[in-house]
Amino acid sequence: MSKVIKNGTIVTADLTYKADVKIEGGVIVEIGPNLSADEVLDATGCYIMPGGIDPHVHLEMPFMGTYSADDFESGTRAGLAGGTTMVVDFCLPGPDQSLLEALQMWDNKTSRANADFSFHMAITGWNERVFDEMKTIVQDKGINTFKHFMAYKGALMVNDDEMFASFQRCAELGALPLVHAENGDVVASMTAKLLAEGNNGPEAHAYSRPPEVEGEATNRAIMLADMAGVPLYVVHTSCEQAHEAIRRARQKGMRVYGEPLIQHLTLDESEYFNQDWDHAARRVMSPPFRNKQHQDSLWAGLQAGSLSCVATDHCAFTTEQKRFGVGNFAKIPNGTGGLEDRLPMLWTYGVNTGRLTMNEFVAVTSTNIAKILNMYPKKGAVMVGADADLVVWDPNRSKTISAKSQQSSIDYNVFEGKEVKGLPRYTLTRGEVAIEESTVKTKEGHGKFVRREPFQAVNKALSTWKELVAPRKVERTGIPATGV
Ligand code: URP
Ligand code: ZN
Ligand code: ZN
Ligand code: ZN
């Protein structure tokens, strides 16, 4: 069965032009005028874009004494409803668990995925087994990204020696390290002080991790990556201090990628103040929401290219789960949703306001991500041979975001009440229509794992890996005798 999308305007990261797109066997087989096929999807008045890729989600993740509430079924369904056709989730090995055992556990969660997915592997400790397994993860398992938490002390956090060892291993293997950049020691110390002083409400979460905590860790991770000779991807960049570090590194020619979240771009710290407990707790995430100056910095970074992509860090908890932290903000599960809303929110607040061009929108929601994570042009492209993961985007469709009509399983939405203009008419996952306006036609189990091969670290012209200066042994005479 072939399909053709007709009468639309193709928008890629580089080009805007009118053409039809023909699909067969889940891939794009032809792009051009007047194409025909067994089935026609009408795109009159719409843009045909690569489906969104969310490089940062946590589905059914064990965290802070519970599990994030959206699983691979509801999470990918939410993504598709908002034009996102692929997610990259984080596999987190437990204490003493091997990377391969953890990967098996994560793989077992995916059987009902409605859209394609991939994994980042977290390094949560360091030993010889981890060193060895990293090679298997990269070479056999098709995972070329490793995540390091510089926060969550006593749980997921790694120390600098562990992180540096892992960065060096990434450099050897042609893998890209990711960091959650917040100084976990400082956060722990500030949290203890706030609680001791009776600041136990959700607003204290924001006080416990100010922008400096993120700026320090971002700078540190960048310097460590530079010493290891490896590029770096900084997740959920939320503030000017972190952005500044990334900008500076990029100016020096280092490959450092920053990933702001749609939440930090559009919601600010006022969400934590003058609001009831549930409202504030539902918005507790790390890093916390910032003020307007930080938001302006993130938007400027997307416009200037110093920040590379927009994610959600979708890690949704119900109100009941958030209430684990009544009386102690440090027990509020950290995380917010956003998978369904990322594209409509970024279009509304980015494209409709003139901050981003449509092509930049495609770049930061899809194409840049596919390139950085090494799965382009299978994903992130409207190109013959690419997977037909597409969104037919209607710039005139609008709605008011509400938990009442969302796909996510939680009972609220952090964007509740926001008016968005720009929504999918169709979302296609490998050629199958999963969303037709507000009708959900997703198929459980359709989603497949996407392998991502290692980067070619040996090819200096193509790679971002630099030659490290080898220590030079000095033959010396005249060494003074000790103890004299
Ligand atoms: O608060 C957050 N961001 N929760 C999800 C886990 C993480 O740190 O990315
Ligand atoms: Zn994080
Ligand atoms: Zn995350
Ligand atoms: Zn299918």
Side-chain angles (χ1 to χ4, degrees), residues 53-71 75 79 87-94 106 117-124 145-158 163 177-184 187-188 191 202 204-206 208-209 211 213-214 217-218 221 232-239 242 257-265 267 269 271-272 280-290 309-318 321-322 324-325 329-339 342 369 373 408 410 414:
I53 300 169
D54 196 328
H56 187 162
V57 305
H58 303 276
L59 301 174
E60 205 184 329
M61 174 176 81
F63 191 50
M64 297 184 74
T66 184
Y67 281 83
S68 58
D70 279 312
D71 59 15
V87 298
V88 190
D89 195 84
F90 291 80
C91 175
L92 307 183
W106 250 256
F117 57 89
S118 185
F119 296 122
H120 307 288
M121 175 59 70
I123 298 299
T124 52
T145 41
F146 291 93
K147 169 75 172 288
H148 306 78
F149 291 91
M150 301 170 79
Y152 307 125
K153 187 174 180 178
L156 299 167
M157 181 170 127
V158 282
M163 197 164 76
L178 277 57
V179 284
H180 168 135
E182 287 186 303
N183 185 316
V187 170
T191 300
H205 172 79
S208 74
R209 32 217 330 152
V213 155
E214 187 183 343
T218 306
L232 183 71
Y233 183 109
V234 184
V235 306
H236 49 46
T237 303
S238 78
C239 64
Y257 307 105
E259 171 210 79
L261 307 182
I262 190 62
Q263 296 91 320
H264 290 120
L265 287 162
L267 300 172
E269 63 187 4
E271 303 283 345
Y272 301 122
R282 287 163 174 167
R283 285 146 182 91
V284 162
M285 66 168 303
S286 299
F289 299 156
R290 309 296 194 188
C309 48
V310 176
T312 63
D313 191 4
H314 187 97
C315 188
F317 295 101
T318 62
Q321 290 175 306
K322 290 284 185 179
F324 294 169
F329 72 86
K331 295 195 169 151
I332 301 170
N334 285 203
T336 58
L339 249 169
R342 179 180 62 136
I369 298 161
L373 301 183
S408 164
I410 63 170
V414 294

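All ligand and atom numbering here is 1-based and tracks the order in the structure. Bear in mind the structure is a predicted one, so any value in this text is a computation, not a measurement. Along the sequence shown, the residues carry numbers beginning at 1.
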If the plane angle is over 60° it's perpendicular, under 30° parallel, otherwise tilted; pick one for [X] and [Y].
X	Y	result
H180	H236	perpendicular
Y257	Y233	tilted
F117	F119	tilted

| task | Would you tell me whether H314 and D70 have side-chain atoms, one donor and one acceptor, within less than 3.5 Å of each other? | result |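 Yes.
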| message | Under 3.5 Å, is there a donor on one side chain and an acceptor on the other for S238 and R290? | response |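 The answer is yes; a qualifying pair exists.
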| query | Sequence neighbours excluded, which residues qualify as side-chain hydrogen bond (donor to acceptor under 3.5 Å, both in side chains) partners of T218? | reply |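 Here no residue qualifies.
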| Partner set under side-chain hydrogen bond (donor to acceptor under 3.5 Å, both in side chains) for T124, not counting sequence neighbours |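 Once residues adjacent in sequence are excluded, T124 has no partner under the side-chain hydrogen bond (donor to acceptor under 3.5 Å, both in side chains) criterion.
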| message | Are F146 and H120, when compared by the centres of their aromatic rings, separated by less than 6.0 Å? | response |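 Centroid separation for F146 and H120: 6.0 Å or greater.
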| said: Checking the side chain of Q321 only, and the main-chain atoms of T318 only, is there a donor and an acceptor separated by less than 3.5 Å? | reply: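 Here the side-chain-to-backbone pair exists.
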| Ignoring waters, how many protein N/O/S atoms are under 2.8 Å from the Zn ion (ligand 3)? |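 If we list every protein N, O or S atom nearer than 2.8 Å to the Zn ion (ligand 3), we get 3.
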| Using a threshold of 4.0 angstrom between heavy atoms of the protein and any atom of ligand 1, which residues qualify? |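 The answer is H56, H58, Y152, H180, H236, M285, S286, D313, C315, N334, G335, counting any residue whose heavy atom sits under 4.0 Å from ligand 1.
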